[in-house]
Number of protein chains: 2
Amino acid sequence: MSKPRSQPKRERILDVAEELFALHGYDGVTLRQIAKGAGVDVALASYHFGKKLDLFNAVFERRAELLNSARLDALRACQQSADSQGPSVEQIIEAFLRPLELAQETGDPGWQHYLALIAYINNSPYWGPRMMSKLFDQLVSEFIAALRKALPDARDEDLYWCYHNLSGALTLTLAQTGRIDKLSGGKCLSADFEAAYNHMIPFVAAGFRQVCGKSASR
Amino acid sequence: MSKPRSQPKRERILDVAEELFALHGYDGVTLRQIAKGAGVDVALASYHFGKKLDLFNAVFERRAELLNSARLDALRACQQSADSQGPSVEQIIEAFLRPLELAQETGDPGWQHYLALIAYINNSPYWGPRMMSKLFDQLVSEFIAALRKALPDARDEDLYWCYHNLSGALTLTLAQTGRIDKLSGGKCLSADFEAAYNHMIPFVAAGFRQVCGKSASR
DNA sequence: TCTAAATTTCAACGCTTGTTGAATGTTTCG
DNA sequence: CGAAACATTCAACAAGCGTTGAAATTTAGA
């Protein structure tokens with residue numbers, strides 16, 4: 001059998017690695033810190049995952065498929081329930097963002113660390129080009145195709161720049177830096193994903209319409 | 001003989017540290033890499049800056065004041081030229097972003113590295129709380145105050161979430177990951193700050209108006 | 001020029017790093 | 001049971017780390 005038994009120590013290594021990598025980055029974490037956090041000998045990480053970089057990749061692969069299919073399902077669902085014109089910009093962005101919230105609300109704090117790790121990757125000039133495309137290009141292309149349909153007058157260049165803005169706003173949200181908490185004097189909370197998305201969806205949708213809409217300046 | 005007061009080796013250490021920290025983060029760079037890049041002995045970095053963390057801070061402080069005053073000047077200028085109602089949302093965001101472009105166009109590639117380093121800090125759950133407030137809180141508060149005046153019906157909470165979206169979009173732009181280049185098939189270029197801001201300004205302004213405007217849903 | 005200070009290199013330190021091979025403990029299953 | 005397969009720990013390695021004191025070099029000022 002390939003994966004019959006749950007391997008609790010192996011999972012704990014992944015959990016701790018996920019959390020520490022998200023907080024300190026790849027180079028900011030040692031295998032000994034991870035092993036200590038997991039209550040395990042250092043050599044066990046090498047036994048299960050090989051090199052440090054392989055462990056890093058394993059952390060990603062563990063949740064990638066589930067996350068991508070959840071977001072794709074949300075897109076398909078809003079496409080199904082739409083009329084012949086297809087879903088609106090708001091609906092598409094909602095499908096892009098809400099599954100991230102659901103992932104968090106499974107009660108598994110690992111999801112929050114995982115999303116913060118993705119934020120770290122996405123914003124890194126070193127890791128971004130090495131990891132993001134492989135993990136998310138296909139999914140993103142599908143969302144952009146849906147947006148292109150909802151904004152038939154958009155130029156491709158404008159569409160991609162707008163997605164870039166969305167991606168940036170989302171990335172900073174997922175990074176959970178707590179900066180907005182301090183800046184707003186507690187009026188906004190980084191951990192409140194629902195509030196973040198409730199503001200992000202109309203904000204981004206209006207931006208898309210402004211830049212990619214019919215009357216956009218060319 | 002070249003001027004000794006300019007301390008060329010000290011500057012070169014800062015230049016190389018700036019570039020490498022921006023690319024690999026604090027823990028991803030060793031003092032020996034920096035020294036090698038600067039053509040200098042390792043111990044010289046310690047002599048000039050003390051601990052590694054002090055060098056990291058010195059990289060920031062070198063350009064912080066100049067950057068902040070350039071952005072503040074831009075805000076003051078657009079406030080001067082506005083009527084009694086104050087500058088528009090677009091004008092304020094323009095004043096927030098354009099000085100970053102000018103900094104790049106001095107021809108000094110160090111500015112680009114510096115801005116990428118700020119992006120790294122701003123997106124980091126570890127460094128963000130430790131460095132961003134000290135460097136930028138005062139400036140950001142002034143811009144938000146101006147936006148509050150331009151959007152008199154806005155709730156503070158909405159205003160801060162909108163700024164968060166702006167900050168995220170800007171951060172991903174400064175990080176220069178090249179992701180949009182690949183995704184757009186070359187139609188958009190990460191290095192093209194002017195194009196990025198030309199799209200970001202109307203995008204973000206429309207978002208602010210949507211979320212913070214008179215008819216915003218409450 | 002001479003001298004003191006500032007700069008830069010040299011050499012080394014004690015520690016930590018990722019990784020590995022062998023030893024020990026634990027399951028699985030005929 | 002018994003033995004093979006898997007899981008885990010132990011001990012150690014060579015390499016690289018940040019940091020430091022002393023020596024060498026360069027500069028500044030009289």
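Labels below follow one simple rule: chain letters A, B, ... track the order of the sequence lines, proteins then strands, and each chain is numbered from 1.
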(request) Hey, which sits more toward the 5' end of DNA chain C by its nearest nucleotide, L44(B) or D41(A)? (result) L44(B)

(message) As a test of understanding, state which of Y26(A), Y114(A), F60(A), Y120(A) forms a ring pair (Phe, Tyr, Trp, His ring centres under 6.0 Å) with F21(A).
(response)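 Single ring pair (Phe, Tyr, Trp, His ring centres under 6.0 Å) partner of F21(A) among Y26(A), Y114(A), F60(A), Y120(A): Y26(A).
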
(request) Could you pull out all residues at least two apart from H113(B) that satisfy ring pair (Phe, Tyr, Trp, His ring centres under 6.0 Å)? (result)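 H113(B) satisfies ring pair (Phe, Tyr, Trp, His ring centres under 6.0 Å) with no residue once adjacent residues are dropped.
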
(message) H24(B): which residues meet the ring pair (Phe, Tyr, Trp, His ring centres under 6.0 Å) condition with it, sequence neighbours left out?
(response) Y126(A)

(message) Can you list, in residue-number order, the parts of residues 26-36 of chain B that come under 4.0 Å of DNA chain D, counting heavy atoms only?
(response)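 Under 4.0 Å from DNA chain D: V29(B), T30(B), L31(B), R32(B).
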
(request) For DNA chain D, determine which residues of residues 46-61 of chain B have any heavy atom closer than 4.0 angstrom to one of its atoms, and list them numerically. (result)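 Output list: S46(B), K51(B), K52(B).
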
For the residue pair [X] and [Y], confirm or rule out a side-chain donor-acceptor distance under 3.5 Å.
X       : Y       : result
S167(A) : N122(A) : yes
H199(A) : D158(B) : yes
S190(A) : D181(A) : yes

Anything under 3.5 Å between a donor and an acceptor, one on a side chain of residues 64-71 of chain A, the other on a protein residue two or more places apart or in another chain? List them.
residue, atom, partner, partner atom, Å
N68(A), ND2, L135(A), O, 2.9
S69(A), OG, E65(A), O, 3.1
S69(A), OG, L66(A), O, 3.1
R71(A), NE, F96(A), O, 3.1
R71(A), NH2, F96(A), O, 3.1

(request) For K182(B), enumerate each residue passing the side chain to side chain contact (heavy atoms under 4.5 Å, CB included) test, keeping only those at least two apart in sequence or located in another chain. (result) S133(A), D137(A)

(request) Find the distance I13(B):CD1 to dT19(D):C1' and express it as a whole number of Å. (result)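 My rounded result for the distance is 15 Å.
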
